[in-house]
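Reading through the structure tokens given below for one structure.
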Amino acid sequence: MKIAFVGKGGSGKTTLSSLFIRHLAAAGAPVVAVDADINQHLGVALGLDEAAAAALPAMGAHLPLIKDYLRGANPRIASADAMIKTTPPGEGSRLLRVGEDNPVFAACARPVRLDGGEVTLMATGPFTESDLGVACYHSKVGAVELCLNHLVDGADEYVVVDMTAGSDSFASGMFTRFDMTFLVAEPTRKGVSVYRQYKEYARDYGVALRVVGNKVQGPDDVEFLREEVGDDLLVTVGQSDWVRAMEKGRSAPFALLAEADRRALGALRKAADGSYRTRDWERYTRQMVHFHLRNAESWGNARTGTDLAAQVDPGFVLHEGLRTGPGQPGAFAPAAAGAGATQHV
């Protein structure tokens, strides 16, 4: 399951995403956590010290390797240099799977040990001084989008992405890459304004969106959120002594998290798992192609000097059962959901 946490800056989305990741890890679920926010805080929220978090490899810095690996033997892509962040997979491309060993994870991912489990952590990398005035942060996030485009995940596997704040998520088609999007909103006018904006932008793309009310202090806050977001409100959480201690560097066992917060995290997982029943790989692939063609026409063709529309494989649909047929490179054959090492399609 691919899950995004979004919200305005300061809403608590990184804190909530880190708690959800811990909740999954404690239950023994395989998890890939991705920090796709311009403010790289997810590693620290997962218990890394500042130095260890800063030492995480930047996905953006490994974009040439990512492109070269994912391109595989796809005959529609002349070279890795011709790939852009929206390039979709096709026959001959390499796919990524949760829990496997591959060069992308080897270069860009690091294990993080949590209470009762371990997660794989990836980060886009910070916006550096050399980027100021000459680079767009979305070029760094493009590495995440390209990986999501080539990711095949199953019902009991989780990819949790802490997204960039506010409506920046809509600067690319990445907002359509998720089975479930949790929007973290405070019980304020500013808090729900991001919800309205997100809801409006996502309306035409079938984005599954639920609201997590954060920093809720009482029934009046709950009533306000319910009036503003209606049935999209999934759960609400208030101040957490466990989180406050963690933010002071005084980590406690995750089992000591308040029962109300544990129930809220359970509701998030139930909602995410429920979205699997409506997963539509054909629509997912179609939206992937849609945003690729838009980016190609807008800037990609000029940037690469290539007609990027030719990269689209019209007969290809990404889905869990793709693998190489025996002795037939590039063939389509059924496989068990979530199975196996890196596959070629």
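Hydrogens, waters and symmetry mates are skipped; everything else that's a heavy atom, side chains included, is used.
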If the threshold is 4.0 Å, N to carboxylate O, is there a salt bridge linking D162 and K13? yes

So CG of L70 and OG of S93: to nearest 0.5 Å the spacing works out to 8.0 Å

Taking N295 for the side chain and G300 for the main chain, is one N or O donor matched with an acceptor at less than 3.5 Å? no

Closest non-hydrogen contact found for L233 with R210 is O-NH2, 3.8 Å

Give a yes or no answer on whether the side chain of T124 reaches the backbone of V141 with a donor-acceptor pair at less than 3.5 Å.
-> no

* Asked: Does the side chain of K2 reach to within under 4.5 Å of the side chain of L151, using non-hydrogen atoms?
  -> yes

Could you tell me whether E247 atom CD has more than 12 heavy atoms of other residues or ligands within 6.0 Å of it?
yes

*Take the angle between the ring planes of F175 and F291 and call it parallel below 30°, perpendicular above 60°, tilted in between.*
perpendicular

Here the gap from T86 atom OG1 to M83 atom CE, rounded to the nearest 0.5 Å, amounts to 9.5 Å

dist M180:CE -> I3:CD1 (nearest 0.5 Å) comes out at 8.0 Å

Check: Can you say whether the rings of Y205 and H290 are parallel (under 30°), tilted (30 to 60°) or perpendicular (over 60°)?
Finding: tilted

Worksheet entry | Beyond-backbone contact of M163 with M174, side-chain heavy atoms, under 4.5 angstrom | yes

Side chains of L42 and S18, heavy atoms from C-beta outward: is any pair under 4.5 Å?
yes

Smallest heavy-atom separation, A155 atom then E320 atom, equals N-OE1, 4.4 Å

In terms of heavy-atom contacts, G173 and E145 come closest through N-OE2, 3.6 Å

R110 and A106 have their tightest heavy-atom pair at NH1-O, 3.1 Å

Q) So, the side chain of D153 versus the backbone of M1: is there a donor-acceptor pair under 3.5 Å, distance only? A) yes

What one should report as the nearest heavy-atom pair of A296 and L308 is CB-CB, 3.6 Å

- Message: Any heavy-atom pair between the side chains of V98 and V152 that's under 4.5 Å?
- Response: no

Report yes or no: is the cationic atom of R279 (NZ for Lys, CZ for Arg) under 6.0 Å from the centre of the six-membered ring of Y284, at an angle within 45° of the ring normal? no

>> Would S11 and E186 count as a side-chain hydrogen bond (donor to acceptor under 3.5 Å, both in side chains) here? Give the steps.
In response: CA-CA 6 Å; S11 64; E186 300 164 271; 5.6 Å; no

Check whether more than 12 heavy atoms from other residues, nucleotides or ligands sit under 6.0 Å from atom CZ of R250, and answer yes or no.
no

Contacts satisfying salt bridge (Lys or Arg N to Asp or Glu O under 4.0 Å) that involve residues 225-239 (not counting sequence neighbours) are R196-E228, K199-D232

Can we say R97 and E100 salt-bridge, meaning some charged N sits less than 4.0 Å from an Asp/Glu carboxylate O?
no

All heavy atoms of P57 vs all of A109, minimum pair found to be CG-N, 4.3 Å

Within the structure provided, determine whether Y198 and T181 are in side-chain contact (heavy-atom separation under 4.5 Å).
yes

Under a 4.5 Å cut-off applied to non-hydrogen side-chain atoms, are N214 and L16 in contact?
-> yes

Does E282, at its CD atom, have more than 12 non-hydrogen atoms belonging to other residues, nucleotides or ligands within less than 6.0 Å? no

Original post:
Salt bridge check: are K215 and D221 linked by an N-O gap of less than 4.0 Å?
Top reply: no

Are side-chain heavy atoms of F178 and V207 found at a separation under 4.5 Å?
no

Between Y158 and V119, is there a side-chain heavy-atom distance shorter than 4.5 Å? no

query: Crowded around D241 CG? As in, over 12 foreign heavy atoms under 6.0 Å?
result: no

Quiz prompt | E118 atom CD: more than 12 heavy-atom contacts under 6.0 Å | solution = yes

Hits for side chain to side chain donor-acceptor pair (under 3.5 Å) against W281, two or more places apart or cross-chain, chain-then-number order -> none

